[in-house]
Amino acid sequence: MTDVRGYAAPKPNAPLEPFAVPRREPGDKDVWIDVAYCGICHSDLHQVRDEWSPGAFPMVPGHEIVGRVARVGRKVRKFKPGDLAGVGCLVDSCRTCANCRRGLEQHCLGGPVFTYNGVERDGRTPTYGGYSKAIVVDEAFALKVAPGQPLERVAPLLCAGITTYSPLKRFGARKGTRVGVLGLGGLGHMAVKLAAAMGAEVTVLSGTAAKKADAKRLGAKGFVLTSDPAAASAAAGSLDLIVDTVSGEHDVNAALGWLATEGTLVMVGASPKPHAVGSFPLIGGRRALAGSLIGGIAETQEMLDFCAKKKVWADVETIAMKDVNGAYARLARGDVRYRFSIDLGTL
Ligand code: NAP
Ligand code: ZN
Ligand code: ZN
(Lines give C-alpha, C1' and ligand atoms only; values in the text may rest on other atoms or scores of the structure.)
(Ligands and ions follow the chains in the order given, each with its own letter.)
Protein backbone atom coordinates (compact mmCIF):
# COMPACT_ATOMS: atom_id res chain seq x y z
CA MET A 1 0.00 0.00 0.00
CA THR A 2 1.08 3.53 -0.77
CA ASP A 3 -0.66 6.62 0.60
CA VAL A 4 -1.43 9.36 -1.90
CA ARG A 5 -2.80 12.82 -1.21
CA GLY A 6 -6.56 13.20 -1.46
CA TYR A 7 -9.62 14.88 0.02
CA ALA A 8 -12.28 13.13 2.07
CA ALA A 9 -15.44 13.88 3.99
CA PRO A 10 -14.59 12.46 7.45
CA LYS A 11 -18.26 12.00 8.35
CA PRO A 12 -21.69 12.67 6.81
CA ASN A 13 -22.26 16.33 5.93
CA ALA A 14 -18.79 17.39 7.07
CA PRO A 15 -16.63 19.60 4.87
CA LEU A 16 -14.01 17.76 2.83
CA GLU A 17 -10.46 17.90 4.16
CA PRO A 18 -7.02 16.52 3.27
CA PHE A 19 -6.82 12.73 3.64
CA ALA A 20 -4.12 10.15 2.94
CA VAL A 21 -5.66 7.68 0.47
CA PRO A 22 -4.25 4.14 0.56
CA ARG A 23 -3.65 2.67 -2.91
CA ARG A 24 -2.62 -0.93 -3.54
CA GLU A 25 0.49 -1.86 -5.44
CA PRO A 26 -0.68 -2.63 -8.98
CA GLY A 27 -1.41 -6.37 -9.38
CA ASP A 28 -0.80 -8.23 -12.65
CA LYS A 29 -3.87 -6.72 -14.35
CA ASP A 30 -3.86 -3.31 -12.63
CA VAL A 31 -2.94 0.12 -13.88
CA TRP A 32 -1.75 2.97 -11.68
CA ILE A 33 -3.26 6.21 -12.98
CA ASP A 34 -2.00 9.63 -11.92
CA VAL A 35 -5.23 11.63 -11.82
CA ALA A 36 -5.20 14.86 -13.84
CA TYR A 37 -8.83 16.00 -13.45
CA CYS A 38 -11.93 14.80 -11.64
CA GLY A 39 -15.42 16.17 -12.22
CA ILE A 40 -17.84 16.96 -9.38
CA CYS A 41 -21.14 15.10 -9.88
CA HIS A 42 -24.30 15.86 -7.94
CA SER A 43 -24.08 12.21 -6.83
CA ASP A 44 -20.92 13.19 -4.91
CA LEU A 45 -22.98 15.77 -3.06
CA HIS A 46 -25.86 13.35 -2.37
CA GLN A 47 -23.43 10.79 -0.93
CA VAL A 48 -21.29 13.14 1.14
CA ARG A 49 -24.54 14.42 2.61
CA ASP A 50 -25.72 10.83 3.17
CA GLU A 51 -28.95 11.60 1.30
CA TRP A 52 -29.40 8.16 -0.32
CA SER A 53 -28.46 5.59 2.30
CA PRO A 54 -25.86 5.34 5.03
CA GLY A 55 -22.50 5.85 3.34
CA ALA A 56 -19.00 4.67 4.23
CA PHE A 57 -16.81 7.34 5.84
CA PRO A 58 -14.20 8.73 5.50
CA MET A 59 -15.46 9.13 1.93
CA VAL A 60 -13.23 10.19 -0.96
CA PRO A 61 -15.73 11.10 -3.69
CA GLY A 62 -15.10 11.40 -7.42
CA HIS A 63 -16.07 9.14 -10.33
CA GLU A 64 -15.32 11.36 -13.30
CA ILE A 65 -11.63 10.61 -13.47
CA VAL A 66 -9.11 11.20 -16.20
CA GLY A 67 -5.36 10.91 -15.96
CA ARG A 68 -2.18 9.34 -17.21
CA VAL A 69 -1.02 5.77 -16.69
CA ALA A 70 2.18 5.72 -14.67
CA ARG A 71 2.69 2.00 -14.06
CA VAL A 72 1.13 -1.23 -15.27
CA GLY A 73 1.04 -4.80 -13.98
CA ARG A 74 2.90 -7.45 -15.98
CA LYS A 75 -0.21 -8.89 -17.63
CA VAL A 76 -1.73 -5.56 -18.69
CA ARG A 77 -2.33 -5.42 -22.45
CA LYS A 78 -4.62 -2.39 -22.91
CA PHE A 79 -2.32 0.32 -21.50
CA LYS A 80 1.30 1.29 -21.28
CA PRO A 81 2.91 4.00 -19.13
CA GLY A 82 2.19 7.43 -20.55
CA ASP A 83 -1.24 6.51 -21.99
CA LEU A 84 -4.29 8.55 -21.06
CA ALA A 85 -6.99 6.68 -19.15
CA GLY A 86 -10.39 7.31 -17.62
CA VAL A 87 -12.28 5.77 -14.70
CA GLY A 88 -16.00 6.22 -14.16
CA CYS A 89 -18.38 4.95 -11.50
CA LEU A 90 -17.27 1.31 -11.61
CA VAL A 91 -13.95 -0.31 -10.68
CA ASP A 92 -14.96 -3.99 -10.69
CA SER A 93 -17.77 -6.53 -11.00
CA CYS A 94 -18.04 -10.34 -11.00
CA ARG A 95 -17.58 -10.45 -14.81
CA THR A 96 -19.36 -13.79 -15.08
CA CYS A 97 -23.06 -13.18 -14.33
CA ALA A 98 -25.65 -12.72 -17.08
CA ASN A 99 -25.57 -8.93 -16.78
CA CYS A 100 -21.78 -8.66 -16.80
CA ARG A 101 -21.67 -10.92 -19.86
CA ARG A 102 -24.00 -8.60 -21.73
CA GLY A 103 -22.06 -5.47 -20.86
CA LEU A 104 -24.23 -4.28 -17.99
CA GLU A 105 -21.55 -4.39 -15.30
CA GLN A 106 -23.36 -1.59 -13.45
CA HIS A 107 -26.10 -4.17 -12.81
CA CYS A 108 -23.76 -7.02 -11.88
CA LEU A 109 -25.85 -9.63 -10.08
CA GLY A 110 -22.95 -10.23 -7.71
CA GLY A 111 -22.87 -6.51 -6.88
CA PRO A 112 -20.92 -3.95 -8.89
CA VAL A 113 -17.95 -2.35 -7.14
CA PHE A 114 -18.46 1.39 -7.20
CA THR A 115 -15.46 3.68 -7.45
CA TYR A 116 -16.07 5.07 -3.96
CA ASN A 117 -18.45 4.55 -1.08
CA GLY A 118 -18.16 0.83 -1.75
CA VAL A 119 -15.96 -2.15 -1.02
CA GLU A 120 -13.75 -4.20 -3.30
CA ARG A 121 -14.80 -7.74 -4.18
CA ASP A 122 -13.08 -9.03 -1.05
CA GLY A 123 -16.07 -7.51 0.75
CA ARG A 124 -13.84 -5.47 3.09
CA THR A 125 -11.45 -3.05 1.41
CA PRO A 126 -13.06 0.38 1.01
CA THR A 127 -12.97 2.03 -2.40
CA TYR A 128 -11.84 5.65 -2.65
CA GLY A 129 -12.62 7.94 -5.58
CA GLY A 130 -10.92 10.45 -7.79
CA TYR A 131 -10.44 13.40 -5.45
CA SER A 132 -6.93 12.02 -5.09
CA LYS A 133 -3.58 12.11 -6.83
CA ALA A 134 -3.78 8.54 -8.10
CA ILE A 135 -6.06 5.53 -8.46
CA VAL A 136 -5.28 1.85 -9.06
CA VAL A 137 -7.77 -0.11 -11.11
CA ASP A 138 -7.99 -3.34 -13.11
CA GLU A 139 -7.39 -2.56 -16.77
CA ALA A 140 -10.82 -4.01 -17.62
CA PHE A 141 -12.44 -1.06 -15.82
CA ALA A 142 -10.13 1.66 -17.18
CA LEU A 143 -11.20 3.41 -20.36
CA LYS A 144 -9.02 4.51 -23.24
CA VAL A 145 -8.91 8.30 -23.71
CA ALA A 146 -7.76 9.55 -27.11
CA PRO A 147 -4.95 12.13 -27.00
CA GLY A 148 -5.36 15.74 -28.09
CA GLN A 149 -8.51 16.47 -26.07
CA PRO A 150 -9.02 19.04 -23.28
CA LEU A 151 -8.80 16.65 -20.33
CA GLU A 152 -10.60 18.89 -17.83
CA ARG A 153 -13.60 18.74 -20.21
CA VAL A 154 -13.27 15.00 -20.85
CA ALA A 155 -13.43 14.04 -17.15
CA PRO A 156 -17.20 14.69 -16.76
CA LEU A 157 -17.93 12.34 -19.66
CA LEU A 158 -17.07 9.43 -17.35
CA CYS A 159 -20.35 9.91 -15.47
CA ALA A 160 -22.47 12.75 -16.87
CA GLY A 161 -21.59 11.69 -20.41
CA ILE A 162 -22.31 7.97 -20.16
CA THR A 163 -25.39 8.45 -17.95
CA THR A 164 -27.07 10.47 -20.68
CA TYR A 165 -25.56 8.71 -23.72
CA SER A 166 -26.82 5.29 -22.62
CA PRO A 167 -30.56 6.10 -22.42
CA LEU A 168 -30.40 8.28 -25.54
CA LYS A 169 -29.04 5.30 -27.45
CA ARG A 170 -31.36 2.78 -25.81
CA PHE A 171 -34.47 4.78 -26.60
CA GLY A 172 -33.42 5.58 -30.14
CA ALA A 173 -32.42 9.26 -30.21
CA ARG A 174 -31.56 10.07 -33.83
CA LYS A 175 -32.52 12.38 -36.64
CA GLY A 176 -36.22 13.07 -36.37
CA THR A 177 -36.53 12.18 -32.67
CA ARG A 178 -37.87 14.97 -30.45
CA VAL A 179 -35.81 14.76 -27.26
CA GLY A 180 -36.57 16.76 -24.13
CA VAL A 181 -33.95 17.32 -21.45
CA LEU A 182 -35.44 18.13 -18.06
CA GLY A 183 -33.00 20.03 -15.81
CA LEU A 184 -30.03 21.79 -17.35
CA GLY A 185 -27.18 20.90 -15.02
CA GLY A 186 -24.12 18.67 -15.40
CA LEU A 187 -26.06 15.70 -16.80
CA GLY A 188 -28.57 17.86 -18.62
CA HIS A 189 -26.04 19.87 -20.60
CA MET A 190 -24.34 16.65 -21.70
CA ALA A 191 -27.72 15.20 -22.71
CA VAL A 192 -28.32 18.26 -24.91
CA LYS A 193 -24.93 18.04 -26.58
CA LEU A 194 -25.11 14.28 -27.10
CA ALA A 195 -28.71 14.21 -28.37
CA ALA A 196 -27.90 17.04 -30.79
CA ALA A 197 -24.76 15.18 -31.94
CA MET A 198 -26.97 12.11 -32.59
CA GLY A 199 -29.11 14.29 -34.84
CA ALA A 200 -32.16 14.62 -32.57
CA GLU A 201 -34.22 17.78 -32.20
CA VAL A 202 -33.65 18.88 -28.62
CA THR A 203 -35.82 20.92 -26.26
CA VAL A 204 -34.58 21.99 -22.84
CA LEU A 205 -37.14 21.98 -20.03
CA SER A 206 -35.71 24.12 -17.27
CA GLY A 207 -36.81 26.00 -14.20
CA THR A 208 -34.18 28.68 -14.77
CA ALA A 209 -35.05 31.40 -17.31
CA ALA A 210 -31.43 32.58 -17.43
CA LYS A 211 -30.38 29.27 -19.04
CA LYS A 212 -32.34 29.90 -22.25
CA ALA A 213 -29.41 31.31 -24.23
CA ASP A 214 -27.14 28.52 -23.00
CA ALA A 215 -29.66 25.90 -24.11
CA LYS A 216 -29.48 27.21 -27.67
CA ARG A 217 -25.70 27.48 -27.58
CA LEU A 218 -25.44 23.87 -26.36
CA GLY A 219 -27.50 22.65 -29.32
CA ALA A 220 -31.17 22.82 -28.29
CA LYS A 221 -33.79 24.13 -30.71
CA GLY A 222 -36.46 24.70 -28.08
CA PHE A 223 -36.61 25.98 -24.50
CA VAL A 224 -39.52 25.61 -22.12
CA LEU A 225 -39.51 27.50 -18.84
CA THR A 226 -41.24 24.90 -16.71
CA SER A 227 -42.38 27.42 -14.11
CA ASP A 228 -44.31 29.38 -16.76
CA PRO A 229 -47.78 27.76 -16.93
CA ALA A 230 -48.48 28.99 -20.48
CA ALA A 231 -45.17 27.68 -21.82
CA ALA A 232 -45.56 24.42 -19.92
CA SER A 233 -49.04 23.74 -21.29
CA ALA A 234 -48.02 24.70 -24.84
CA ALA A 235 -45.39 21.92 -24.67
CA ALA A 236 -47.98 19.20 -23.94
CA GLY A 237 -47.62 16.09 -26.10
CA SER A 238 -44.63 17.46 -28.02
CA LEU A 239 -41.74 15.09 -27.22
CA ASP A 240 -40.86 11.47 -28.01
CA LEU A 241 -38.30 11.01 -25.25
CA ILE A 242 -37.50 12.98 -22.10
CA VAL A 243 -34.29 12.50 -20.14
CA ASP A 244 -35.15 13.60 -16.60
CA THR A 245 -31.95 14.73 -14.87
CA VAL A 246 -33.49 16.62 -11.95
CA SER A 247 -31.71 15.98 -8.66
CA GLY A 248 -34.61 16.71 -6.31
CA GLU A 249 -38.37 16.60 -5.88
CA HIS A 250 -40.35 17.69 -8.93
CA ASP A 251 -43.58 17.08 -10.78
CA VAL A 252 -43.07 13.92 -12.83
CA ASN A 253 -46.71 13.98 -13.97
CA ALA A 254 -46.17 17.34 -15.65
CA ALA A 255 -43.14 15.89 -17.41
CA LEU A 256 -45.13 12.85 -18.60
CA GLY A 257 -47.65 15.29 -20.05
CA TRP A 258 -44.98 16.72 -22.37
CA LEU A 259 -44.62 13.31 -24.04
CA ALA A 260 -46.39 12.43 -27.24
CA THR A 261 -48.43 9.21 -27.47
CA GLU A 262 -46.13 6.26 -26.69
CA GLY A 263 -43.33 8.57 -25.55
CA THR A 264 -40.85 7.56 -22.85
CA LEU A 265 -39.65 9.47 -19.81
CA VAL A 266 -36.36 8.05 -18.62
CA MET A 267 -35.34 8.94 -15.09
CA VAL A 268 -31.65 9.43 -14.46
CA GLY A 269 -31.92 12.04 -11.71
CA ALA A 270 -31.65 10.37 -8.31
CA SER A 271 -33.92 12.35 -6.02
CA PRO A 272 -33.59 11.07 -2.45
CA LYS A 273 -37.38 11.50 -2.05
CA PRO A 274 -39.83 9.28 -4.01
CA HIS A 275 -42.02 10.86 -6.69
CA ALA A 276 -45.79 10.68 -6.90
CA VAL A 277 -46.74 9.29 -10.31
CA GLY A 278 -50.35 9.32 -11.43
CA SER A 279 -51.86 6.50 -13.48
CA PHE A 280 -53.57 8.76 -15.98
CA PRO A 281 -50.56 10.58 -17.44
CA LEU A 282 -49.17 7.10 -18.22
CA ILE A 283 -52.22 5.19 -19.43
CA GLY A 284 -53.76 8.21 -21.14
CA GLY A 285 -50.88 8.51 -23.57
CA ARG A 286 -49.70 4.87 -23.67
CA ARG A 287 -46.51 6.28 -22.22
CA ALA A 288 -43.56 4.59 -20.55
CA LEU A 289 -41.59 5.56 -17.47
CA ALA A 290 -38.09 4.09 -17.39
CA GLY A 291 -34.84 4.41 -15.48
CA SER A 292 -31.19 4.25 -16.35
CA LEU A 293 -28.00 3.87 -14.31
CA ILE A 294 -24.70 5.09 -15.82
CA GLY A 295 -23.64 2.55 -18.50
CA GLY A 296 -21.48 -0.55 -18.91
CA ILE A 297 -17.79 -0.50 -19.72
CA ALA A 298 -18.07 -1.21 -23.46
CA GLU A 299 -20.75 1.44 -23.86
CA THR A 300 -18.66 3.94 -21.88
CA GLN A 301 -15.79 3.34 -24.29
CA GLU A 302 -18.17 3.77 -27.22
CA MET A 303 -19.35 7.10 -25.74
CA LEU A 304 -15.77 8.34 -25.20
CA ASP A 305 -14.88 7.47 -28.79
CA PHE A 306 -18.06 9.17 -30.05
CA CYS A 307 -17.24 12.33 -28.06
CA ALA A 308 -13.61 12.38 -29.25
CA LYS A 309 -14.78 12.09 -32.85
CA LYS A 310 -17.54 14.70 -32.54
CA LYS A 311 -15.55 16.97 -30.22
CA VAL A 312 -18.28 16.81 -27.59
CA TRP A 313 -16.96 17.77 -24.16
CA ALA A 314 -18.41 19.20 -20.97
CA ASP A 315 -18.53 22.92 -20.27
CA VAL A 316 -16.45 23.20 -17.13
CA GLU A 317 -15.24 25.55 -14.47
CA THR A 318 -11.86 24.23 -13.39
CA ILE A 319 -11.12 24.57 -9.68
CA ALA A 320 -8.29 23.87 -7.27
CA MET A 321 -8.72 20.93 -4.88
CA LYS A 322 -8.77 23.23 -1.85
CA ASP A 323 -11.85 25.02 -3.23
CA VAL A 324 -14.01 21.90 -3.28
CA ASN A 325 -16.23 22.88 -0.35
CA GLY A 326 -17.12 26.20 -1.95
CA ALA A 327 -17.87 24.36 -5.19
CA TYR A 328 -20.20 21.98 -3.33
CA ALA A 329 -22.11 24.93 -1.88
CA ARG A 330 -22.46 26.43 -5.34
CA LEU A 331 -23.52 23.11 -6.91
CA ALA A 332 -26.20 22.72 -4.22
CA ARG A 333 -27.73 26.04 -5.25
CA GLY A 334 -27.41 25.39 -8.98
CA ASP A 335 -24.63 27.92 -9.49
CA VAL A 336 -22.40 26.10 -12.00
CA ARG A 337 -22.21 26.27 -15.80
CA TYR A 338 -22.18 23.30 -16.11
CA ARG A 339 -19.63 21.10 -14.32
CA PHE A 340 -16.84 21.71 -11.83
CA SER A 341 -13.65 19.93 -12.81
CA ILE A 342 -10.98 19.59 -10.13
CA ASP A 343 -7.37 20.09 -11.26
CA LEU A 344 -5.48 17.50 -9.22
CA GLY A 345 -2.26 19.29 -10.15
CA THR A 346 -3.24 21.79 -7.45
CA LEU A 347 -3.08 19.14 -4.70
P1 NAP B 1 -26.85 19.28 -11.24
O2 NAP B 1 -25.68 19.69 -12.03
O3 NAP B 1 -27.07 19.84 -9.89
O4 NAP B 1 -28.15 19.53 -12.18
C5 NAP B 1 -29.45 19.25 -11.77
C6 NAP B 1 -30.39 20.25 -12.44
O7 NAP B 1 -31.73 19.89 -12.12
C8 NAP B 1 -30.24 21.68 -11.96
O9 NAP B 1 -29.28 22.37 -12.70
C10 NAP B 1 -31.63 22.25 -12.20
O11 NAP B 1 -31.78 22.57 -13.58
C12 NAP B 1 -32.51 21.08 -11.92
N13 NAP B 1 -33.04 21.01 -10.54
C14 NAP B 1 -32.35 20.82 -9.40
N15 NAP B 1 -33.18 20.71 -8.35
C16 NAP B 1 -34.42 20.81 -8.84
C17 NAP B 1 -35.71 20.73 -8.28
N18 NAP B 1 -35.90 20.48 -6.97
N19 NAP B 1 -36.79 20.87 -9.08
C20 NAP B 1 -36.62 21.09 -10.40
N21 NAP B 1 -35.43 21.16 -10.98
C22 NAP B 1 -34.33 21.02 -10.22
O23 NAP B 1 -26.83 17.69 -11.03
P24 NAP B 1 -26.23 16.53 -11.97
O25 NAP B 1 -24.82 16.27 -11.56
O26 NAP B 1 -26.59 16.82 -13.36
O27 NAP B 1 -27.06 15.28 -11.43
C28 NAP B 1 -28.46 15.26 -11.57
C29 NAP B 1 -29.06 14.07 -10.84
O30 NAP B 1 -28.67 12.88 -11.53
C31 NAP B 1 -28.56 13.89 -9.40
O32 NAP B 1 -29.64 13.42 -8.61
C33 NAP B 1 -27.50 12.81 -9.52
O34 NAP B 1 -27.30 12.09 -8.33
C35 NAP B 1 -28.13 11.95 -10.58
N36 NAP B 1 -27.21 11.08 -11.29
C37 NAP B 1 -27.70 9.87 -11.69
C38 NAP B 1 -26.90 9.01 -12.42
C39 NAP B 1 -27.48 7.72 -12.93
O40 NAP B 1 -26.70 6.83 -13.27
N41 NAP B 1 -28.78 7.59 -13.04
C42 NAP B 1 -25.58 9.35 -12.71
C43 NAP B 1 -25.12 10.60 -12.30
C44 NAP B 1 -25.94 11.46 -11.59
P45 NAP B 1 -32.65 23.83 -14.11
O46 NAP B 1 -32.03 25.04 -13.50
O47 NAP B 1 -32.48 23.74 -15.57
O48 NAP B 1 -34.06 23.60 -13.69
ZN1 ZN C 1 -21.96 10.85 -11.25
ZN1 ZN D 1 -21.61 -9.72 -12.62
Side-chain angles (χ1 to χ4, degrees), residues 38-49 51-52 61-65 88-90 92-117 121 129-130 155-167 181-192 204-212 214-215 218 220 223-227 243-252 254-255 266-273 275 290-297 300 314-315 317 327-328 330-340:
C38 185
I40 299 180
C41 179
H42 203 114
S43 300
D44 299 345
L45 194 59
H46 285 311
Q47 289 174 91
V48 160
R49 293 181 167 185
E51 289 175 349
W52 287 341
H63 56 211
E64 295 186 333
I65 300 163
C89 301
L90 298 169
D92 211 347
S93 73
C94 85
R95 307 174 202 203
T96 56
C97 74
N99 285 348
C100 284
R101 284 203 310 269
R102 56 192 280 249
L104 295 175
E105 296 89 348
Q106 74 275 33
H107 299 294
C108 172
L109 300 171
V113 179
F114 290 105
T115 303
Y116 70 88
N117 194 15
R121 287 190 50 77
L157 303 180
L158 274 304
C159 177
I162 184 59
T163 300
T164 50
Y165 180 90
S166 183
V181 175
L182 180 55
L184 192 62
L187 266 56
H189 95 292
M190 285 313 308
V192 174
V204 166
L205 307 143
S206 169
T208 309
K211 291 181 181 172
K212 184 173 179 175
D214 285 350
L218 294 166
F223 181 88
V224 176
L225 182 61
T226 52
S227 55
V243 182
D244 183 340
T245 76
V246 174
S247 55
E249 281 179 281
H250 62 290
D251 187 352
V252 175
V266 57
M267 185 70 69
V268 293
S271 168
K273 296 233 175 92
H275 305 290
S292 193
L293 174 69
I294 47 174
I297 295 299
T300 304
D315 285 15
E317 183 178 333
Y328 270 33
R330 285 181 51 198
L331 176 61
R333 56 175 193 267
D335 175 21
V336 51
R337 301 287 187 276
Y338 278 88
R339 202 56 146 186
F340 288 113

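Both counts, for ligands and for their atoms, begin at 1 and track the order of listing. Quick caveat, the model's predicted, so the values are computed rather than measured.
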Visitor: What is the closest protein heavy atom to atom 29 (C) of ligand 1, and at what distance does it sit?
Guide: T245 O, 3.3 Å
Visitor: Below 3.5 Å, N or O to N or O, backbone or side chain included: is there any such pair between C41 and ligand 1?
Guide: no
Visitor: Students should be able to answer this: which protein heavy-atom is nearest to atom 44 (C) of ligand 1, and at what distance?
Guide: S43 OG, 3.2 Å
Visitor: As a check for students: among S227, C159, A191, S166, identify the option with a heavy atom nearest to atom 43 (C) of ligand 1.
Guide: C159
Visitor: Any side-chain heavy atom of H107 within less than 4.5 Å of one from L293?
Guide: yes
Visitor: For ligand 1 and G188, I'd like to know whether there is a polar contact (N/O to N/O, distance under 3.5 Å).
Guide: no
Visitor: Please examine the side chains of T245 and L182, heavy atoms only from C-beta on, and report whether any two atoms are closer than 4.5 Å.
Guide: no
Visitor: Keeping the roles fixed (side chain from W52, backbone from S43), state whether a donor-acceptor pair exists under 3.5 Å.
Guide: no
Visitor: Residues two or more places apart in sequence or in another chain: which of them pass side chain to side chain donor-acceptor pair (under 3.5 Å) with R101?
Guide: none
Visitor: Out of curiosity, Q106 CD to S166 OG, how far, rounded to the nearest 0.5 Å?
Guide: 6.5 Å
Visitor: Any side-chain donor paired with an acceptor under 3.5 Å for Q47 and Y116?
Guide: yes
Visitor: Polar contacts were defined as any N/O atom of the residue lying under 3.5 Å from an N/O atom of the ligand; does this apply to V336 and ligand 1?
Guide: no
Visitor: Which atoms of ligand 1 sit under 4.0 Å from any heavy atom of K211?
Guide: 9 (O), 11 (O), 45 (P), 46 (O), 47 (O)
Visitor: Can you pull out the closest protein heavy atom to atom 39 (C) of ligand 1? Residue, atom name and distance to 0.1 Å, please.
Guide: T163 CG2, 3.4 Å
Visitor: Just to confirm my output: which protein heavy-atom neighbour is closest to atom 40 (O) of ligand 1, and how far is it?
Guide: I294 N, 2.7 Å
Visitor: Going by the atom numbers of ligand 1, which of them fall below 4.0 Å from some non-hydrogen atom of G183?
Guide: 7 (O), 11 (O), 47 (O)
Visitor: Nearest protein heavy-atom contact for atom 16 (C) of ligand 1: which residue, which atom, what distance?
Guide: V246 CG1, 3.5 Å
Visitor: Could you tell me which residues satisfy side-chain contact (heavy atoms from CB on, under 4.5 Å) with R102, sequence neighbours excluded, listed by chain and number?
Guide: N99, L104
Visitor: Any side-chain heavy atom of L184 sitting closer than 4.5 Å to one from V192?
Guide: yes
Visitor: Is there a side-chain contact between V243 and V268, using heavy atoms and a 4.5 Å cut-off?
Guide: yes
Visitor: Heavy-atom distance under 4.5 Å between the side chains of K212 and L225, does that happen here?
Guide: no
Visitor: To the nearest 0.5 Å, tell me how far H63 NE2 sits from T115 OG1.
Guide: 7.5 Å
Visitor: What atoms in ligand 1 come closer than 4.0 Å to a heavy atom of V268?
Guide: 30 (O), 35 (C), 36 (N), 37 (C), 38 (C), 39 (C), 41 (N)
Visitor: Thinking salt bridges, do R339 and E64 make one under a 4.0 Å N-O criterion?
Guide: yes
Visitor: What residue and heavy atom of the protein are closest to atom 46 (O) of ligand 1, and at what distance?
Guide: T208 OG1, 2.5 Å
Visitor: For the Zn ion (ligand 2), report each protein N, O or S atom nearer than 2.8 Å, sorted by chain and then by residue number.
Guide: C41 SG, H63 NE2, C159 SG
Visitor: Which of the atoms in ligand 1, numbered in the order shown and given with their element, are less than 4.0 Å from a heavy-atom of L331?
Guide: 2 (O), 3 (O)
Visitor: Return the OG to CE distance between S292 and M267, rounded to the nearest 0.5 Å.
Guide: 12.0 Å
Visitor: Measure from atom 5 (C) of ligand 1 to every heavy atom in S247, A209, S206 and give the option owning the shortest one.
Guide: S247
Visitor: Hey, which atoms in ligand 1 end up nearer than 4.0 Å to a heavy atom of W52?
Guide: 34 (O)
Visitor: Please list, in number order, the atoms of ligand 1 under 4.0 Å from a heavy atom of R339.
Guide: 24 (P), 25 (O)
Visitor: Of all heavy-atom pairs between H46 and A270, which one has the smallest distance, and what is that distance?
Guide: NE2-O, 3.6 Å
Visitor: Work out whether the distance between some heavy atom of M267 and some atom of ligand 1 is less than 4.0 Å.
Guide: no
Visitor: Is it true that a side-chain atom of S93 and a backbone atom of E105 form a donor plus acceptor pair closer than 3.5 Å?
Guide: no
Visitor: Take D244 and H250 through the test side chain to side chain donor-acceptor pair (under 3.5 Å) and record every step on the way to the result.
Guide: CA-CA 10 Å; D244 183 340; H250 62 290; 2.6 Å; yes
Visitor: For the residue pair V224 and S206, establish whether any side-chain heavy-atom pair is separated by less than 4.5 Å.
Guide: no
Visitor: Just by modelled atom types, is the A210 backbone N or O under 3.5 Å from a matching donor or acceptor in the T208 side chain?
Guide: no
Visitor: Do me a favour and list the nearest non-hydrogen protein atom to atom 11 (O) of ligand 1 with residue, atom name and distance?
Guide: L184 N, 3.2 Å
Visitor: Find all atoms of ligand 1 within a distance of less than 4.0 Å from any non-hydrogen atom belonging to G207, and give their numbers and elements.
Guide: 45 (P), 47 (O), 48 (O)
Visitor: Do Y338 and L218 come close enough that some side-chain heavy atom pair is under 4.5 Å?
Guide: yes
Visitor: Would you say S292 touches ligand 1, if touching means a heavy atom closer than 4.0 Å?
Guide: yes
Visitor: Is it true that R337 and D315 have a side-chain N and a carboxylate O under 4.0 angstrom from each other?
Guide: no
Visitor: Can you tell me the protein heavy atom closest to atom 26 (O) of ligand 1 and the distance?
Guide: L187 N, 2.8 Å
Visitor: So what's near the Zn ion (ligand 3), protein N, O or S atoms under 2.8 Å?
Guide: C94 SG, C97 SG, C100 SG, C108 SG
Visitor: Considering H42, H250, E249, H46 one by one, which has a heavy atom nearer to atom 18 (N) of ligand 1 than any of the others?
Guide: E249
Visitor: Measuring from atom CG of L187 to atom SG of C41, what distance do you get when rounded to the nearest 0.5 angstrom?
Guide: 6.0 Å
